[in-house]
2 protein chains.
Amino acid sequence: MTTALTIKALDKVPMIGPGDDLATIIVDALADNDLTVENGDVLVLAQKIVSKSEGRLLDLNTVLPSKRAEEIAHATDKDPRLVEAILAESKSVLRRVPGVLITEHLRGWIMANAGIDASNVASSDGEDNVLLLPLDPDKSCEDLCEQLYVRTRKEVGVLINDSFGRPWRLGTTGVALGAAGLPSLWDRRGEKDMFGRELQVSQQAVADELAAAASLVQGQGAEGRPIALIRGLEFGANENAPSRPAADLIRDISEDLFR
Amino acid sequence: MTTALTIKALDKVPMIGPGDDLATIIVDALADNDLTVENGDVLVLAQKIVSKSEGRLLDLNTVLPSKRAEEIAHATDKDPRLVEAILAESKSVLRRVPGVLITEHLRGWIMANAGIDASNVASSDGEDNVLLLPLDPDKSCEDLCEQLYVRTRKEVGVLINDSFGRPWRLGTTGVALGAAGLPSLWDRRGEKDMFGRELQVSQQAVADELAAAASLVQGQGAEGRPIALIRGLEFGANENAPSRPAADLIRDISEDLFR
């Protein structure tokens, strides 16, 4: 039962480039911030640094837009090469209107531009470089959990977050693309409230709430602090909260009422 | 620039009933938890206690279902009286399938069952009582801000949160129904990233992220702790982050691509 949390963005995280070892960067950054991890801590990594470390840069000059990409680019006022890259990362296009292209990403996320981002990509990497999402964020989190355990002997959770828009609300919120070592979806169906009635809210998207909380301290742009440490998450022995990956948060298309 | 947050659920909050003065309850609960508020703190209140204090209980035995309510009740496997109550709180019905009724609430929220909840309503209040959302959550927050200022001489933010489902993701997350004294929507359009490119994420739903963060400590059901204190939110003088109500988070129907 979690009753208090602290959420802290790490200072002094260096710029991340392709091939950088994130476990080392995290351990070093914790030390530079005079922090040590404890069992049950959750490290939240901004998608951008995971993508960069995994070399997910794409030079748009290498992209040849298809006829379909040209057409969607025209309808959405976007660079046809960017649209081609978005389509290559997507299963299907949900909406396309001027300025907006919403697709289902290959990994199931419904989001704008398949998560492809041009901001905070160093122009020294090439003016036309964009950043794709990590190939398998849950796997990246699992690997980092293991590497962090080897180095710290602490069992920590790892979460990769990104900012998503919402269909009926303005502004973006942090969302979990990947997670390991924590109950991304906490299933409380069947539990009773304090008067013996069945709980109304019975599945809690814990990973998305953690992602949102971390987003408040990570900032972005010039002052971006891509690594946050969350402490205090606790699930009691009688709280059925096994670890589950962030992929479990994706609603199956068969249950989608709003596509 | 927020770099660290603490989020704490208050213990020993009493059961709330109609007419209870929430400002008094908050001040007393803070004292009982050996806490004092500071300028810039945000108090997050679960919707349920605000609704209860405002007497938003409805006895379904007083509700006479219309023919339309009967029909929707049949299609959704719901109590026709509950459906009638939902329709009375709604502008329009978006989706109705077995077990699911999603409407646009009178205040613009797209949500299940117009937010009407039967759990954690004391059966001593009547087995058939349900709880409606507060009439004007932004106004409730404004009033509480003022009352808390009078009693504590501190300028705190107040937020009312609830749990919403999402169309493409499983589980619920905390969402802001009302807010005062904080930038519910932080508009950063036009700002540049560290390489001089325009920020990709340019409007941040700060109130929803705070609502989600608080939800992690509030719990629900038997162990529910409806009041959370968030400390550490900071916006620098050069961060254009004026206070805005939670109503500013609602996307206008003219920009809705998924209705």
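Here is how names work: the chains are called A, B, and so on, in the same order as the sequence lines, proteins then strands, and each is numbered from 1.
- With a 4.5 angstrom heavy-atom cutoff, A:R169 touches chain B via backbone and side-chain atoms both.
- Contact of B:L94 with chain A is made through the side chain alone, with heavy-atom distances under 4.5 Å.
- Contacts of A:R231 with chain B are absent, with no heavy-atom separation under 4.5 Å from either backbone or side chain.
- For chain B, the option among A:S215, A:A211, A:P167, A:A9 with the highest count of heavy-atom pairs below 4.5 Å is A:P167.
- Heavy atoms closer than 4.5 Å to chain B are found in both the backbone and the side chain of A:L210.
- Proximity to chain B (any heavy atom under 4.5 Å) is shown, for A:L257, by both the backbone and the side chain.
- Taking every heavy atom of both residues into account, B:L132 and B:Q47 meet most closely at O-NE2, 4.0 Å.
- Note: A:D208 leads A:V97, A:D208, A:V175 in heavy-atom pairs under 4.5 Å with chain B.
- Contacts of B:I102 with chain A are made by side-chain atoms alone, with heavy-atom separations under 4.5 Å and no backbone atom involved.
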**Item:** From CA spacing to verdict: salt bridge (Lys or Arg N to Asp or Glu O under 4.0 Å), A:E89, A:R107
**Value:** CA-CA 9 Å; A:E89 289 282 298; A:R107 292 224 159 251; over 6 Å; no
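- Residues B:K78 and B:N113 bring a donor and an acceptor atom of their side chains to less than 3.5 Å of each other.
- Relative to the six-membered ring of B:W186, B:R188 meets both conditions, a distance below 6.0 Å and an angle of at most 45° to the axis.
- With a 4.5 Å cut-off on non-hydrogen atoms, A:D248 touches chain B through its backbone but not through its side chain.
- Salt-bridge formation is not detected for the pair B:D11/B:R225: no Lys NZ or Arg NE/NH1/NH2 atom is positioned less than 4.0 Å from an Asp or Glu carboxylate oxygen.
- Judged purely by distance below 3.5 Å, without hydrogens or angles, the side chains of A:N161 and A:Q218 pair a donor atom with an acceptor atom.
- Comparing B:E255, B:K8, B:R166, B:E234 by heavy-atom pairs within less than 4.5 Å of chain A, the highest count is held by B:R166.
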